[in-house]
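These figures come from a predicted structure and were not determined experimentally. Within every chain, numbering begins at 1; the chains are lettered A, B, ... in the order of the sequence lines, protein sequences first and strands thereafter.
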Amino acid sequence: MRVRIAPSPTGDPHVGTAYIALFNYVFAKKAGGKFVLRIEDTDQTRARADSEQMIFDALHWIGLSWDEGPDVGGPYAPYRQSERAHHYKAAAGELLDAGKAYRCFCTAERLAKVRIQQQAEKKNSGYDRHCRDADPTEARNRAAQGETHVVRLKAPLTGSVVVHDQLRGPVTIDADQIDDQVLLKSDGLPTYHLANVVDDHLMQITHVIRAEEWISSTPKHVLLYQAFDWEAPQFFHMPLLRNADKSKISKRKNPVSINYYRDVGILPHALLNFLGLMGWSFGDDREKFTLAEMVDAFAWEKVSLGGPVFNLDKLTWLNEKYIHDLDYEQLADAVISWRLNKEHLIRVLPLVRERIKKLDELIPAIEYFYSGDLDYTPVLADMKIPDATPADVGKALLDYIEKIEAREGFTAAVLEEEARKWTEALGWKAKHSFMLLRFAVTARKASPPLFETMSVLGKEITRRRLRQAAEIVGKAK
RNA sequence: GACCCCGUCGUCCAGAGGCCUAGGACACCCGCCUUUCACGCAGGUAACACGGGUUCGAAUCCCGUCGGGGUCGCCA
């Protein structure tokens with residue numbers, strides 16, 4: 001029995017990744033199987049250099065480990081899809097030769113045009129199969145001459161595909177709902193659909209446990225297994241974590257980075273425990289439990305399919321329980337490994353040394369480096385920009401978040417550069433806009449240099465405060 | 001919009017035909033404890049989406065409606 005978690009290194013380590021990893025892990029351990037970590041980095045445009053390591057660190061931090069993966073190796077290495085390109089190319093070639101796939105030379109522009117037309121006519125969207133019946137030999141020649149193209153699966157035109165979801169039973173999808181999925185992109189790398197099927201087969205994955213959002217593309221995967229004449233794994237689709245409004249959890253409405261929870265002082269086991277409460281229960285009233293206990297009690301029958309709202313209040317309550325159960329030695333260690341340590345202090349001190357005359361002034365001076373959400377009421381009246389409405393100011397803060405998120409690295413230089421461009425684009429004065437940022441990030445009129453402060457606070461806390469400030473200011477009169 | 005999934009307190013779960021005048025937890029409200037606050041303890045408000053079936057009997061099974069969500073990319 002083998003399962004895998006297959007995160008894509010495109011940003012901050014996501015709680016959803018941890019959630020699905022937990023269920024994979026628990027199921028594997030319960031059944032005495034292997035848990036594999038595979039990095040799905042086939043999208044060069046979105047891949048982030050630091051993301052992969054952050055995923056490893058975050059998963060380790062909450063207490064999960066894997067039997068095979070890019071960092072620990074294993075019998076099916078490599079575990080990074082960018083290093084497995086030849087497998088996908090070979091697989092696609094096989095389908096091409098068998099006439100089960102074809103080369104498509106349609107341009108992105110044409111596809112966009114088709115899509116717009118389909119929407120205008122209110123028809124089902126999807127590829128119109130323009131290249132499907134072109135002569136294969138001619139297509140091969142065009143490709144040989146270097147013409148850019150993709151490889152698409154020849155999906156059946158009639159009939160239907162049945163996906164046996166182990167949590168819901170058979171799900172039947174008509175052929176007309178399945179279009180000719182791209183298998184190999186024009187850059188020669190596979191799409192998720194091809195790569196996950198090829199790798200799951202090659203890596204002998206027996207059970208695919210993933211989020212519900214994948215259910216609608218599973219028929220394509222089933223079709224691929226059939227085309228290769230491979231045995232498909234069993235599929236389990238877990239419900240999606242939700243925002244308070246029930247939509248799929250998203251960073252605009254909820255902190256989604258595992259690092260955020262780490263930075264605000266949620267204990268790793270509390271987070272993991274909380275994730276175990278999402279869509280699953282012991283069957284009795286037990287709410288606080290260890291990973292080992294969950295493994296022991298795990299059964300798919302105890303999974304519920306309604307999308308669970310990720311509720312900060314309840315996570316905080318659970319975390320409180322964990323804190324209270326720590327002895328003082330352990331609590332001290334937890335606090336130290338959080339932020340109260342020399343390493344962190346050495347980042348903070350350069351910002352405040354000139355501002356203190358006695359050591360007893362230190363704690364008040366650096367209080368907001370060790371706090372989570374701030375109280376903006378004392379400065380709310382000052383959080384405005386001449387000739388801008390509160391709504392504009394709120395929106396501008398959100399804009400600034402977008403700008404800094406698009407950048408790799410959270411250094412003072414990057415933050416300042418983006419702030420200056422942002423200020424200019426808004427037509428504001430830096431003395432006003434920077435003060436606004438200062439209020440948002442520190443809730444004070446006076447602080448050490450703004451961008452250094454943000455950098456030391458870290459991406460997660462900074463982003464959260466900017467967002468909170470945006471909300472409060474946006475609603476202000 | 002089309003297709004697919006889901007539907008028990010505001011939220012997370014229990015409930016797998018009679019044990020349900022629906023249970024626990026978070027949040028909220030009240031009280032006790034206490035110099036204060038917090039913890040702790042004791043109470044309280046609050047839900048089976050709706051309509052049809054099936055059955056002696058339905059939160060539990062079936063159908064429909066409604067509601068929510070997901071997907072419809074050369075992103076995963």
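Taking the side-chain hydrogen bond (donor to acceptor under 3.5 Å, both in side chains) definition, one finds that Lys154(A) meets it with nothing, sequence neighbours left out. Taking the ring pair (Phe, Tyr, Trp, His ring centres under 6.0 Å) definition, one finds that Tyr192(A) meets it with Trp214(A), His221(A), sequence neighbours left out.
Between the side chain of Thr191(A) and the backbone N or O of Val182(A), at least one donor-acceptor pair lies under 3.5 Å.
Ion pairing between a basic and an acidic side chain is recognised when a charged N comes within 4.0 Å of a carboxylate O; Arg103(A) and Glu147(A) show no such pairing. Between Arg252(A) and Glu402(A) there is a salt bridge, since a side-chain N of the basic residue sits under 4.0 Å from a carboxylate O of the acidic one. Salt bridge status for Arg140(A) with Asp97(A): absent, with no side-chain N to carboxylate O gap under 4.0 Å. Under 4.0 Å is where a charged nitrogen must lie from a carboxylate oxygen, and between Arg168(A) and Glu212(A) at least one such pair does.
In terms of position along RNA chain B, the nucleotide closest to Val171(A) lies nearer the 5' end than the nucleotide closest to the other residue of the pair Phe274(A) and Val171(A).
Atom P of nucleotide A27(B) and atom NZ of Lys321(A) are separated by 10 Å, given to the nearest angstrom. As a whole-Å value, the separation of His237(A) NE2 from C5(B) P is 12 Å. Remark: P of U71(B) and NE2 of His221(A) are 14 Å apart, rounded to the nearest angstrom. When the P atom of C6(B) is taken as reference, atom CE of Met278(A) falls 19 Å away, rounded to whole Å. Here C3(B) presents its P atom at 14 Å from CD1 of Ile178(A), a figure rounded to the nearest Å. Going from atom CG of Leu240(A) over to atom C1' of G7(B) covers 16 Å, rounded to whole Å. Between the NZ atom of Lys246(A) and the C1' atom of C5(B) there is a distance of 14 Å, given to the nearest Å. In this structure, Asp176(A) places its CG atom 9 Å from P of C3(B), rounding to the nearest Å.
Taking both residues in full, the closest heavy atoms of Ile205(A) and Pro233(A) are given as O-CB, 3.6 Å, listed atom of the first, atom of the second, then distance.
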Just distance, no hydrogens or angles: give the donor-acceptor pairs under 3.5 Å from side chains in residues 69-78 of chain A, sequence neighbours left out.
unit_1   : atom_1 : unit_2   : atom_2 : d
Asp71(A) : OD1    : Trp66(A) : NE1    : 2.9
Asp71(A) : OD2    : Trp66(A) : NE1    : 3.4

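When both distances must be under 3.5 Å, the Watson-Crick or G-U wobble mate of C48(B) does not exist. With a 3.5 Å ceiling on both atom-pair distances, the Watson-Crick or G-U wobble partner of G18(B) is C56(B). Searching all strands for a Watson-Crick or G-U wobble partner of A2(B) with both distances below 3.5 Å returns U71(B). Nucleotide G23(B) has C13(B) as its partner under the Watson-Crick or G-U criteria, with both atom distances under 3.5 Å. Figure legend. G40(B) is base-paired to C32(B); pairs are counted as Watson-Crick or G-U wobble with both atom distances under 3.5 Å. Base pairing annotation: G7(B) forms a Watson-Crick or G-U wobble pair with C66(B), both donor-acceptor distances under 3.5 Å.
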Heavy-atom protein contacts under 4.0 Å, nucleotides 42-47 of chain B, coded B base, S sugar-phosphate only, - none: ------
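Applying the 3.5 Å distance criterion, the base of A27(B) shares no donor-acceptor pair with the side chain of Lys314(A).
Stacking of Arg152(A) on the aromatic ring of Tyr127(A) is recorded, both the 6.0 Å distance cut-off and the 45° axial limit being met.
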Quick test: give all pairs of protein nitrogen or oxygen and nucleotides 72-76 of chain B nitrogen or oxygen below 3.5 Å, distance rounded to 0.1 Å.
unit_1 : atom_1 : unit_2    : atom_2 : d
C72(B) : O2'    : Ser125(A) : OG     : 3.0
C74(B) : O2     : Ser186(A) : N      : 2.7
C74(B) : O2     : Ser186(A) : OG     : 2.7
C74(B) : N3     : Ser186(A) : OG     : 3.2
C74(B) : N4     : Cys106(A) : O      : 3.0
C75(B) : OP2    : Lys185(A) : NZ     : 3.2
C75(B) : O2'    : Asp43(A)  : OD2    : 3.1
C75(B) : O2'    : Arg46(A)  : NE     : 3.4
C75(B) : O2'    : Arg46(A)  : NH2    : 3.3
C75(B) : O2     : Arg46(A)  : NH2    : 3.3
A76(B) : OP1    : Thr42(A)  : OG1    : 2.9
A76(B) : OP1    : Lys185(A) : NZ     : 2.9
A76(B) : OP2    : Tyr192(A) : N      : 3.1
A76(B) : O3'    : Glu40(A)  : OE1    : 3.2

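Set against C39(B), C5(B), A25(B), the side chain of Arg168(A) has C5(B) as its closest nucleotide. Closest to the side chain of Ser281(A), out of A25(B), G69(B), A14(B), is A14(B).
Tested against Glu405(A), the residues Lys459(A), Lys251(A), Arg48(A) include a single salt bridge (Lys or Arg N to Asp or Glu O under 4.0 Å) partner, Lys251(A).
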Phe310(A) vs Tyr260(A), ring pair (Phe, Tyr, Trp, His ring centres under 6.0 Å): CA-CA, chis, key distance, verdict: CA-CA 14 Å; Phe310(A) 192 94; Tyr260(A) 169 79; 9.9 Å; no
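Checked against the 6.0 Å centroid criterion, the rings of Phe23(A) and Phe27(A) do not qualify as a close aromatic pair.
Comparing the P positions of G23(B) and G1(B) gives an interatomic distance of 39 Å, to the nearest angstrom.
Remark: Lys302(A), Ser304(A), Leu305(A), Gly306(A), Gly307(A), Pro308(A), Val309(A), Asn311(A) in residues 301-311 of chain A come within less than 4.0 Å of RNA chain B through at least one heavy atom.
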